[in-house]
Amino acid sequence: MIPFERAWPYDVFMKDVYVASCPFCGQDNVLLPMRPKELAEIRGGKKKLLVFPCCHNKVTVLDTDQDYLLTDTVLRRA
């Protein structure tokens, strides 16, 4: 089970990965510098440094499922 406080929801639209809002600055509809192919690689065990383009905050994505990115950083207080 993914720890909810370290997970952030994402969406794939066409071949782009988006988050509805940035967990750090609150910017809406942020296009992530990531492709759907990378989501499958992360699911397979690869880690990915993700830099949010809106505020340049960084997290390491450790795992994914159909809806959430699991990071090494607490993104919300549960």
Side-chain angles (χ1 to χ4, degrees):
M1 180 175 197
I2 291 181
F4 191 65
E5 66 273 358
R6 295 189 304 142
W8 202 253
Y10 73 92
D11 291 309
V12 177
F13 183 72
M14 303 294 260
K15 293 186 179 184
D16 295 324
V17 181
Y18 287 90
V19 291
S21 65
C22 175
F24 301 106
C25 70
Q27 174 85 26
D28 290 332
N29 299 320
V30 179
L31 173 62
L32 299 178
M34 179 184 288
R35 295 288 172 226
K37 176 184 172 190
E38 291 176 287
L39 293 171
E41 292 172 356
I42 294 167
R43 212 170 287 131
K46 187 176 180 181
K47 295 179 185 175
K48 164 96 172 143
L49 178 65
L50 175 61
V51 179
F52 285 84
C54 48
C55 60
H56 305 289
N57 280 300
K58 301 171 192 151
V59 297
T60 301
V61 181
L62 305 173
D63 197 4
T64 64
D65 66 8
Q66 295 287 338
D67 302 312
Y68 288 91
L69 301 171
L70 175 64
T71 70
D72 63 342
T73 306
V74 173
L75 301 174
R76 69 178 95 216
R77 302 288 175 225

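In this text the structure is predicted, and so the values were computed from the model without any measurement.
- In this structure, CG in Leu50 is found 10.5 Å from CG in Asn57, a value given to the nearest 0.5 Å.
- Note on residues 23-37: pairs passing salt bridge (Lys or Arg N to Asp or Glu O under 4.0 Å), not counting sequence neighbours, are Asp16-Arg35.
- Residues Glu38 and Pro33 come closest through the heavy atom pair OE1-O, 4.2 Å.
- No donor-acceptor distance shorter than 3.5 angstrom exists from the side chain of Asp63 to the backbone of Leu70, with no hydrogens or angles considered.
- Put simply, Leu39 and Phe52 are part of the same group of oily side chains (I, L, V, M, F, W, Y) that touch within less than 4.5 Å, one to the next.
- Ile42 and Lys48 get closest at one heavy-atom pair: CD1-CB, 3.6 Å.
- Note on Val19: it clusters hydrophobically with Val12, by side-chain heavy-atom contacts below 4.5 Å among ILVMFWY residues.
- Put simply, Leu62 and Val59 are part of two different groups of oily side chains (I, L, V, M, F, W, Y) that touch within less than 4.5 Å, one to the next.
- Between Gln66 atom CD and Tyr10 atom OH the span is 6.0 Å, to the nearest 0.5 Å.
- Under the 4.5 Å side-chain heavy-atom criterion for Ile, Leu, Val, Met, Phe, Trp and Tyr, Tyr18 and Tyr68 are members of distinct hydrophobic clusters.
- Distance check, rounded to the nearest 0.5 Å: NZ of Lys46 to OG1 of Thr64 gives 13.0 Å.
- For the residue pair Arg76 and Trp8, the shortest heavy atom distance occurs at NH2-CE3, 3.5 Å.
- In the hydrophobic clustering of this structure, Met34 does not group with Leu49; members are Ile, Leu, Val, Met, Phe, Trp, Tyr whose side-chain heavy atoms approach within less than 4.5 Å, directly or through other members.
- The salt bridge (charged side-chain N to carboxylate O under 4.0 Å, His left out) test applied to Lys47 returns no partner, not counting sequence neighbours.
- Atom OG1 of residue Thr71 and atom NZ of residue Lys58 lie 15.0 Å apart, to the nearest 0.5 angstrom.
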Given the rule in the side-chain contact (heavy atoms from CB on, under 4.5 Å) test, do Val17 and Leu69 qualify, once you have shown the distances and angles that lead to the verdict?
-> CA-CA 11 Å; Val17 181; Leu69 301 171; 5.6 Å; no
